[in-house]
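Each remark here refers to the structure printed beneath this line.
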Amino acid sequence: MKKYNVKNYIRYKEDIKRSIESVKTKRFIDYTPTELKIIFLPLVENISRKFATSQEASGVMSIMDIVQEGSLQLCKAVDKIDRTRLIESEDVEKTLKSFLAKRIRGGIRRAIDINRGTMRIPEHKLNEMRKSKDEKMVAMFFNSIFLSIDANPTDENMVYQIPDKSDPYNETLLNAYILSLLSKYLNFDEALVLNKSYGLDGDKWSANEIAAALEIKGISAYVRVSELKKQAVNKLIDNVDHSQVIDYL
């Protein structure tokens, strides 16, 4: 879990408490925009706490970053409130919370998507990809990592094997995540071949060194290592759901 300044968080909570106590209780329709921003700050934190803060889920953003982004979206949403519709609403408080929560949640999600990777994908496309099942997307992910170095120009899927030359936003994180997928979906030999071939947790090994570790003997031992490598990648493509890798594309 990413760390944040506990003292700052405690100070933030105390400030919110004092600010809310300073606002006189009245009908929601009578609150000024500034007062609405204050009394709905707890809603921001409640929504923010529902977002996972692991590296895979939120990238560089900590819970305090998410709360801050949510507060910014609250201010923007309050300025867009149509008071005419509030007057017509049967339950003003419920209408307000629904309106603000939707915009706070959407703003936080967009901020996470922007800060999680090196490429900005429109939110509607991310939602579309999350709902669909796309095997080519999974193949693109693993081929770009494992097969691009060994790619044969005559392969019909060469378009999915073009190496990405941009700097990864967190190589250590990505390697750790890939290792977790290897341990979940591959047997020991397959996981070792991919791990050591690409140096996911240390130095890269040659095919002969991997063959020796797996006790594969013979002058064609490196061929068997190559076969295991391709077998492992294909198994990952067949078994890993696209939702597990979409955030790294």
Side-chain angles (χ1 to χ4, degrees), residues 1-132 169-170 173 243-244 246-248:
M1 177 180 175
K2 292 188 287 295
K3 296 181 180 180
Y4 57 92
N5 192 308
V6 177
K7 291 183 179 180
N8 280 348
Y9 176 70
I10 294 174
R11 195 178 299 119
Y12 162 77
K13 294 289 287 184
E14 291 174 347
D15 287 344
I16 288 181
K17 184 178 179 181
R18 284 195 298 269
S19 298
I20 292 177
E21 290 174 349
S22 68
V23 177
K24 294 182 180 180
T25 303
K26 60 182 82 171
R27 295 187 309 162
F28 279 94
I29 195 66
D30 295 329
Y31 282 119
T32 66
T34 300
E35 290 173 333
L36 285 175
K37 293 171 185 177
I38 293 173
I39 64 174
F40 280 110
L41 280 173
L43 175 65
V44 170
E45 183 173 357
N46 181 268
I47 294 173
S48 301
R49 290 287 181 185
K50 294 179 180 179
F51 284 85
T53 54
S54 64
Q55 288 282 8
E56 295 92 337
S58 61
V60 298
M61 295 183 72
S62 69
I63 182 60
M64 291 306 295
D65 294 323
I66 294 175
V67 171
Q68 181 177 345
E69 182 62 35
S71 300
L72 174 62
Q73 298 304 321
L74 169 64
C75 294
K76 292 181 178 179
V78 167
D79 292 337
K80 294 180 180 179
I81 290 176
D82 185 345
R83 291 185 176 268
T84 303
R85 291 192 176 185
L86 283 182
I87 295 173
E88 297 172 352
S89 173
E90 295 180 359
D91 189 334
V92 176
E93 181 180 2
K94 184 177 180 180
T95 301
L96 264 177
K97 285 183 176 179
S98 176
F99 177 85
L100 297 175
K102 181 178 180 181
R103 281 150 185 81
I104 292 168
R105 194 177 296 111
I108 292 174
R109 189 180 297 115
R110 286 190 293 274
I112 289 175
D113 289 338
I114 290 171
N115 290 283
R116 184 164 45 196
T118 56
M119 183 173 67
R120 174 76 171 96
I121 301 176
E123 185 179 15
H124 73 279
K125 293 303 294 182
L126 280 173
N127 292 335
E128 181 181 317
M129 289 186 285
R130 287 188 179 108
K131 293 177 182 178
S132 64
Y169 70 95
N170 193 324
L173 163 65
S243 62
Q244 294 177 269
I246 183 176
D247 294 324
Y248 291 94

**Prompt:** Nearest 0.5 Å, what's the CZ-CD distance between Arg83 and Glu88?
**Reply:** 14.0 Å
Could you go through residues 93-101 and list every donor-acceptor pair under 3.5 Å that involves a side-chain atom there, pairing it with any protein atom two or more places apart or in another chain?
residue, atom, partner, partner atom, Å
Glu93, OE2, Lys97, NZ, 3.1
Thr95, OG1, Ser89, OG, 2.5
Thr95, OG1, Asp91, O, 2.9

**Message:** Once rounded to the nearest 0.5 Å, what's the spacing between atom CD of Glu35 and atom OG of Ser19?
**Reply:** 11.5 Å
**Message:** Testing the basics here: between Leu86 and Ile81, what is the closest heavy-atom pair and its distance to 0.1 Å?
**Reply:** CD1-CG2, 3.5 Å
**Asked** Hey, what do you get for CG (Asp30) to NZ (Lys24), rounding to the nearest 0.5 Å?
**Response** 13.0 Å
**Request:** Calculate, to the nearest 0.5 Å, the distance between atoms NZ and CD1 belonging to Lys37 and Ile39 respectively.
**Result:** 12.5 Å
**Request:** Rounded to the nearest 0.5 Å, what's the gap from CZ on Arg103 to CD1 on Ile47? Could you check?
**Result:** 11.5 Å
**Item:** Tyr12 OH to Leu41 CG distance, which is reported to the nearest 0.5 Å
**Value:** 5.5 Å
**Item:** All ring pair (Phe, Tyr, Trp, His ring centres under 6.0 Å) counterparts of Tyr31, not counting sequence neighbours
**Value:** Phe28
Review item, side-chain donor-acceptor pairs of residues 66-78, under 3.5 Å, at least two apart:
residue, atom, partner, partner atom, Å
Glu69, OE2, Gln73, NE2, 2.8
Ser71, OG, Val67, O, 3.0

**Prompt:** Around atom NZ of Lys80, are there more than 12 heavy atoms of other residues, nucleotides or ligands at under 6.0 Å?
**Reply:** no
